[in-house]
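Order of the sequence lines sets the chain letters (A, B, ...), proteins ahead of strands, with each chain counted from 1.
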Protein chains: 2
Amino acid sequence: MKPMSTKPAAAESDQALRLEQFLPYRLNVVGFLASRALGRIYGARFGIDIPQWRVIAQLGEFGRLTSRDIGELAQMHKTKVSRAVGELSTRGFVSRAANRADRRETFIALTPAGTRLYAQIAPLALAFQQRWIAGISGEEMRVFERVLSVLTERGRHLAGGSGDGQS
Amino acid sequence: MKPMSTKPAAAESDQALRLEQFLPYRLNVVGFLASRALGRIYGARFGIDIPQWRVIAQLGEFGRLTSRDIGELAQMHKTKVSRAVGELSTRGFVSRAANRADRRETFIALTPAGTRLYAQIAPLALAFQQRWIAGISGEEMRVFERVLSVLTERGRHLAGGSGDGQS
DNA sequence: GTCAATTAGTTGCAGATGAAACCAATGTCA
DNA sequence: TGACATTGGTTTCATCTGCAACTAATTGAC
């Protein structure tokens with residue numbers, strides 16, 4: 001890292017833009033790091049990617065869901081849900097069962113193998129989170145999470161969000 | 001959103017996993033929202049995407065940089081830098097000049113048109129950030145940013161990071 | 001009851017992305 | 001000096017992603 005500055009075009013306004021302090025940039029970087037770190041943990045160990053993990057997590061938490069519900073709960077585009085569920089289904093981790101009351105939608109649920117997988121991954125995920133926030137005081141984390149909630153909620157509406165879509 | 005719970009497979013351990021409270025998930029969502037909102041602002045208005053914006057921001061801040069420096073400063077994979085610089089170059093916003101001292105690397109800098117573009121976008125970006133954090137107290141933001149820094153730094157090392165790469 | 005509008009979910013397609021291969025230039029070490 | 005490793009940067013290729021179009025089923029208006 002040798003900046004090699006010659007003509008800093010910024011710094012004329014009262015408040016200059018510095019990318020490494022710019023909030024959208026920082027949030028995007030930390031979000032990317034989170035995904036990458038977590039993805040490596042159970043990606044290499046279980047052959048699961050992030051969308052698949054989210055599907056499994058929601059099913060492990062709520063039991064039985066439609067694809068639409070999964071998308072809404074896990075903030076995933078419906079095509080991503082469709083593909084993740086398809087892959088998990090062919091691998092035998094989830095089952096699909098038509099809803100007889102509304103035959104457009106399908107109930108997705110964990111199979112026994114899927115439940116075992118969830119029982120393996122969930123503790124790892126929680127342990128990872130613990131290791132990540134170790135040493136940060138409870139009060140600081142409370143403030144952090146409160147602000148994070150505000151930013152998330154506001155971010156959903158700030159630029160006219162359509163609703164879903166996720167990396 | 002109708003969870004339709006039947007058999008909540010979780011909640012057996014002393015600490016159940018709830019995805020909407022899971023930090024990596026939350027950070028990834030807010031990061032995505034940040035990118036999307038910001039990307040729409042100057043994407044629709046200037047035809048610039050996020051990687052290109054990051055390149056311009058760094059050049060506007062530091063003046064003249066090699067592609068390698070841009071990648072390190074802006075946390076971008078070198079192929080992404082290469083493509084962003086290539087596109088910005090053909091559009092006349094940046095110039096490339098070989099370094100005569102080390103002819104492997106190339107100096108990238110904003111052209112006059114690029115500087116004008118930066119002068120237009122930077123205030124918009126700052127205003128967007130202000131609108132986003134409006135109403136949050138200074139003390140809360142200080143705590144938030146401090147924790148964010150810790151999480152970012154730790155996230156870089158937690159799962160054996162290679163260094164670059166970015167969405 | 002019928003037809004238009006809506007919804008759940010899948011698929012085709014075009015663009016974005018990163019790993020790996022690659023090229024040219026520089027550094028290193030004998 | 002001469003081999004070999006390293007580095008800056010580009011390109012190829014396989015994959016992922018989301019938009020748009022599509023099918024099938026349901027709802028609503030009349």
Using whole Å, report how far CG of B:L65 lies from C1' of D:dG9.
15 Å
Base, sugar-phosphate, or nothing for B:T79, non-hydrogen atoms under 4.0 angstrom?
base
What is the separation between atom CZ on A:R54 and atom P on D:dT17, rounded to the nearest whole Å?
10 Å
Presence of B:H77 side-chain N/O under 4.0 Å of C:dA19 phosphate oxygens OP1/OP2:
yes
From CD1 of A:I70 across to P of C:dG9 the rounded distance in Å is 8 Å
Salt bridge check, B:R18 against A:E61: does any charged N sit closer than 4.0 Å to a carboxylate O?
yes
When rounded to whole Å, the CD to P distance for the pair B:E87 and D:dT11 reads 13 Å
Taking 4.0 Å as the cut-off, does a side-chain nitrogen or oxygen of B:K80 come that near to OP1 or OP2 on C:dG18?
yes
Does any donor-acceptor pair link the side chain of A:R103 with the base of C:dG9 at a separation under 3.5 Å?
no
For a quick check, tell me whether the side chain of B:R83 and the base of D:dG9 share a donor-acceptor pair closer than 3.5 Å.
no
Between A:E87 and A:R83 (salt bridge meaning N to carboxylate O under 4.0 Å), is one present in this structure?
no
Is a donor on one side and an acceptor on the other found under 3.5 Å between the side chain of B:R154 and the backbone of A:W132?
yes
Closest-nucleotide mapping onto DNA chain D: is B:S82 or A:R100 further toward the 5' terminus? I mean the 5' end.
B:S82
Rounding to an integer number of Å, can you tell me how far B:I50 CD1 sits from C:dG15 C1'?
15 Å
In this structure, how many angstroms lie between the P atom of D:dG8 and the CZ atom of B:R96, rounded?
16 Å
B:R131: salt bridge (Lys or Arg N to Asp or Glu O under 4.0 Å) partners, not counting sequence neighbours:
none
Rounded to the nearest Å, what distance is computed from the CG atom of residue B:D69 to the C1' atom of nucleotide D:dG8?
11 Å
Between C:dG9, C:dT11, D:dC13, which nucleotide has the shortest distance from any of its atoms to the side chain of A:K78?
C:dG9
Do A:R91 and A:I48 have side-chain heavy atoms sitting under 4.5 Å apart?
yes
Measure the distance from CZ on B:R36 to P on D:dC19 and round it to the nearest whole Å.
9 Å
Go nucleotide by nucleotide along DNA chain C from the 5' end; which of A:R104 and A:V85 gets its closest nucleotide reached first?
A:R104
